[in-house]
Amino acid sequence: MSEPISTESKPKQASFKKLNAVKGMNDVLPGESAKWEWLEGVVRQLMARYAYRNIRTPIVEPTALFVRGLGEVTDIVEKEMYSFVDRLNGEALTLRPESTAGVVRAVVEHNLLYEGGKRLYYMGQMFRHERPQRGRYRQFHQIGAEVLGFQGPEIDAEVILLANDLWQAIGLKNVRLELNSLGQPHERLAHRAALIAHFEKHQRVLDEDAKRRLYTNPLRILDTKNPGMTDVVETAPKLMDFLTEASLAHFNALRQILDANGVHYSLNPRLVRGMDYYNLTVFEFITDQLGSQGTVCGGGRYDYLIEQVGGKPAPAVGWALGVERVLALLEEQGVTFPLDALHAYAIVPDAQSVPVVLKHLRQLRSLGVNVQMHAGAGEGLGSMKSQFKKADSSNASFALIFGADELANNTVSVKSLRDGGGAQRTESLEHMADWALSLQSTS
Ligand code: ATP
Ligand code: MG
C-alpha cells in the first residue's frame with residue numbers, strides 16, 4: 001500500500017546563501033552608470049564627427065584567434081585568458097581579452113574592405129585573469145577605434161588626434177602621449193639578435209619571465225614592470241637605430257602632423273605594447289595620477305594582423321582606452337559629470353485617476369520632460385504627505401499634483417521643490433506644450 005500523497009506542499013525554509021559577483025568583476029550601479037552613459041554619449045558624438053562607425057562583435061571568440069593574433073608569448077595569451085571548452089561541441093573558446101582581433105576577424109569574415117578602407121569603433125567589456133586592484137579588473141571595459149585599409153602616416157595621426165580630442169571633450173587633463181616606432185618585421189629581426197646578445201650578457205639580473213622570453217620574444221622583455229631590470233632594459237639596443245629609411249620616414253611624417261597640431265609627445269624607445277601584432281607606430285596615453293595603472297589608452301599600427309587572421313593583407317591602426325581608468329581619472333581630477341536630471345515627480349492622490357494621469361505623463365515625456373510617476377510601495381498609493389516626501393527625496397525640480405479638483409478642471413498643480421519650494425501654480429493640461437519645457441529649468 002502506498003502512502004497517500006499530500007496535496008499540501010510544505011513551505012520550504014529559505015536558506016539560500018547570498019551570491020556575490022565574481023572577484024574582479026564589478027557591477028556598475030545607477031549612480032555610477034550615469035557617468036558611463038555620459039562618456040559613451042560623448043564618444044559616439046566625437047566618432048561621428050570623425051566619420052567612424054560602430055561595430056559590435058561577440059564576447060566569445062575561438063581561442064585560436066587570440067593565440068594567433070596576439071602572439072603566444074604575451075602576458076594575455078600566456079596567463080590572462082578565460083578559455084574554456086564548449087561542453088556541447090568541444091570547441092575551444094575564449095572570452096575576449098581585447099577587441100582588435102575580433103574586429104579584424106569580423107572585417108575579414110564579412111569582406112568589409114572590399115569597397116575600401118573602414119573607420120570603426122567599439123565599446124564593451126573585456127576579460128583578463130589578472131590580480132584585481134584599482135584600475136585593474138578581470139572584467140573591464142574598453143572603447144576602441146580601429147582603422148583598416150589605410151597605409152599612410154596621416155591615418156596614424158588621425159587616430160591619435162581623435163583620442164586627443166576625446167580627452168578635451170570630456171575635460172580630462174594630465175595625460176601625456178608617448179610614442180615609438182617598432183619598425184617592420186625584418187628590421188626587428190636584426191634588432192632581436194642584438195637584443196638577445198645584450199640580455200645574454202646580463203643573464204644574472206633577468207627574472208623568470210625574461211629568461212623564458214629571451215629566445216622566444218626578447219622584445220617583450222622591454223615591457224617589464226620589474227624595477228630590478230630597469231638598468232638592463234635602459235641600456236638595451238634601441239630598435240629605432242635599426243629602422244630603415246622608409247620606417248623612419250613614416251614616423252617622421254606622423255611626428256610632423258602631430259607637431260603642426262600642437263600635440264605634445266615624448267619618444268619612448270622602450271614602448272613595445274603588450275601584443276605581438278604591432279608594427280611601425282605605437283603609442284600610449286599615460287597619467288601619473290592613477291598609481292601603477294597609469295596607461296589610460298594604448299594603440300598602434302598592426303599591418304600584419306589581417307593576414308594572420310586569414311584575410312588579404314591590408315594595413316591597419318587603432319587604439320583602445322580603459323573606461324574604468326578614464327572615469328577614475330576624471331573623478332580624481334574633480335570633473336563634474338553632467339547627468340540627466342529628473343524634472344518632475346507626479347503626485348497622484350486618488351488611485352482612480354491613475355489611468356488618465358499616465359496618459360498625461362506620457363504626453364509630457366513626449367514633450368521632453370523627465371517625469372517619475374509615484375507608485376505605491378505597499379497597499380494603495382499612500383497619503384499626499386507621504387507622496388510629497390517621496391517627491392522631495394527624488395531630486396526632481398518640480399512636483400506635479402494631479403488631484404481630483406485639478407483633473408476635473410483639466411489642470412495640474414506645479415510646485416517647485418527647490419529652495420524651500422515656491423508658490424504653486426496651475427497649468428492647463430490642454431495646453432501642455434506651452435509650459436512643459438519650463439519644467440526642464442533646474443533653477
Ligand atoms: P597594462 O600595462 O596596464 O596591463 P595593457 O598594455 O595590458 O595595460 P592594453 O591591452 O593595451 O593594456 O589595453 C588598453 C587599455 O585598456 C589599457 O591602457 C588600460 O587602460 C585598459 N586595461 C587593460 N587591462 C585592464 C584591466 N585588467 N582592467 C582595467 N583596464 C584595463
Ligand atoms: Mg596588461
Side-chain angles (χ1 to χ4, degrees), residues 21-26 28 32 36 39 43 66 69-71 73-82 94-104 121-146 159-160 162-163 166-167 170 172 174-180 182 209 213 217 219-227 233 268 270-278 281-302 305 317-332:
V22 174
K23 186 178 173 197
M25 307 203 181
N26 302 314
V28 181
E32 216 35 42
W36 288 63
L39 173 64
V43 168
F66 303 114
L70 276 53
V73 192
T74 55
D75 276 346
I76 294 180
V77 172
E78 279 184 335
K79 51 194 183 202
E80 294 174 359
M81 291 204 304
Y82 282 92
T94 292
L95 302 186
R96 63 183 185 195
E98 57 95 66
S99 232
T100 303
V103 167
V104 166
Y121 78 95
Y122 60 81
M123 313 188 191
Q125 52 272 78
M126 310 296 155
F127 302 84
R128 296 183 193 177
H129 199 104
E130 303 194 64
R131 193 167 66 78
Q133 51 198 292
R134 186 179 182 219
R136 192 175 294 285
Y137 309 102
R138 291 183 175 171
Q139 175 183 265
F140 63 101
H141 297 73
Q142 289 185 337
I143 293 173
E146 312 286 0
V159 298
I160 291 174
L162 170 58
L166 180 59
W167 313 145
I170 61 178
L172 191 72
N174 302 334
V175 282
R176 61 172 194 279
L177 172 60
E178 290 193 354
L179 209 56
N180 191 21
L182 296 182
D209 263 353
R213 288 169 176 182
N217 200 340
L219 194 64
R220 198 70 319 120
I221 299 175
L222 298 178
D223 195 29
T224 182
K225 291 186 173 94
N226 180 354
V233 158
N268 177 359
R270 294 211 289 125
L271 183 65
V272 298
R273 311 270 311 122
M275 296 73 145
D276 280 356
Y277 52 57
Y278 289 109
T281 313
V282 287
F283 57 89
E284 285 186 350
F285 287 93
I286 301 170
T287 172
D288 297 322
Q289 286 178 274
L290 289 180
S292 51
Q293 270 58 252
T295 307
V296 171
C297 173
R301 192 163 261 291
Y302 50 94
L305 182 59
V317 59
W319 52 251
L321 67 81
V323 176
E324 284 85 353
R325 290 188 195 176
V326 166
L327 288 174
L329 187 54
L330 284 171
E331 206 88 53
E332 187 77 33

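Just so you know, ligand 1 is whichever comes first in the structure, and atom 1 is the first atom listed for that ligand. We number each residue from 1, following the sequence as shown.
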Practice prompt. Considering the heavy atoms of Gly135, write down every atom of ligand 1 situated less than 4.0 Å from one of them.
Written response: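 The list of qualifying atoms is 28 (N), 29 (C), 30 (N).
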
Practice prompt. Give the atoms of ligand 1, by number and element, whose distance to some non-hydrogen atom of Ala320 is under 4.0 Å.
Written response: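 Atoms satisfying the 4.0 Å criterion: 14 (C), 15 (C).
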
Worksheet entry | Under 3.5 Å: N/O of Gly322 near N/O of ligand 1 |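 It does: an N or O of Gly322 is found under 3.5 Å from an N or O of ligand 1.
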
Item to complete: Could you say whether the N/O atoms of Phe140 and ligand 1 ever approach to under 3.5 Å?
Response: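 No, there is no polar N/O contact under 3.5 Å.
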
Worksheet item: Which of the listed options, Arg325, Gln293, Gln139, holds the heavy atom that is closest to atom 8 (O) of ligand 1?
Response: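 Ranked by closest heavy atom to atom 8 (O) of ligand 1, first place is Arg325.
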
Worksheet item: Which of the listed options, Glu284, Glu80, Arg128, Glu98, holds the heavy atom that is closest to atom 5 (P) of ligand 1?
Response: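 The nearest heavy atom belongs to Arg128.
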
Item to complete: With heavy atoms under 4.0 Å as the rule, classify the contact between Gln142 and ligand 1 as side chain, backbone, both or neither.
Response: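 Just the side chain.
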
Item to complete: With heavy atoms only and a cut-off of under 4.0 Å, state how Val296 meets ligand 1: side chain, backbone, both or neither.
Response: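 Within the 4.0 Å criterion, Val296 contacts ligand 1 through backbone atoms alone.
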
Specify the protein heavy atom at minimum distance from [atom]: its residue, its atom name, and the distance to 0.1 Å.
atom                    : value
atom 28 (N) of ligand 1 : Tyr137 N, 3.0 Å
atom 27 (N) of ligand 1 : Glu130 OE2, 2.6 Å
atom 6 (O) of ligand 1  : Arg273 NH1, 3.9 Å
atom 17 (C) of ligand 1 : Thr295 O, 3.8 Å

Worksheet entry | Tyr82: which of Arg138, Arg96, Arg128 passes side-chain contact (heavy atoms from CB on, under 4.5 Å) |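 The single option meeting the side-chain contact (heavy atoms from CB on, under 4.5 Å) with Tyr82 is Arg138.
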
Worksheet item: Nearest 0.5 Å, what's the CD1-CG distance between Ile143 and Leu39?
Response: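 Nearest 0.5 Å value for the CD1-CG distance: 4.5 Å.
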
Would [X] count as a contact of ligand 1 if the rule is a heavy atom under 4.0 Å away?
X      : result
Arg136 : yes
Glu324 : no
Lys225 : yes

Are [X] and [Y] close enough that some pair of their side-chain heavy atoms sits under 4.5 Å apart?
X      : Y      : result
Leu321 : Leu166 : yes
Leu70  : Met81  : no
Phe283 : Val159 : yes

Item to complete: Dump the intermediate steps for salt bridge (charged side-chain N to carboxylate O under 4.0 Å, His left out) on Glu98 and Arg273, then the final yes or no.
Response: CA-CA 13 Å; Glu98 57 95 66; Arg273 311 270 311 122; over 6 Å; no

Practice prompt. Verify, without hydrogens or angle tests, whether Glu324 (side chain) and His141 (backbone) share a donor-acceptor contact under 3.5 angstrom.
Written response: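 At least one qualifying donor-acceptor pair exists.
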
Practice prompt. Keeping the roles fixed (side chain from Asn180, backbone from Leu271), state whether a donor-acceptor pair exists under 3.5 Å.
Written response: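 Between the backbone of Leu271 and the side chain of Asn180 there is a qualifying donor-acceptor contact (under 3.5 Å).
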
Item to complete: Work out which heavy atom in Tyr122 is nearest to a heavy atom in Ala320; give both atom names and the distance.
Response: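 Minimum heavy-atom separation between Tyr122 and Ala320: OH-CB, 3.6 Å.
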
Practice prompt. Give me the ring orientation class for Tyr278 and Tyr302: parallel if the planes are under 30° apart, tilted from 30 to 60°, perpendicular past 60°.
Written response: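 Aromatic pair Tyr278/Tyr302 classed perpendicular.
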
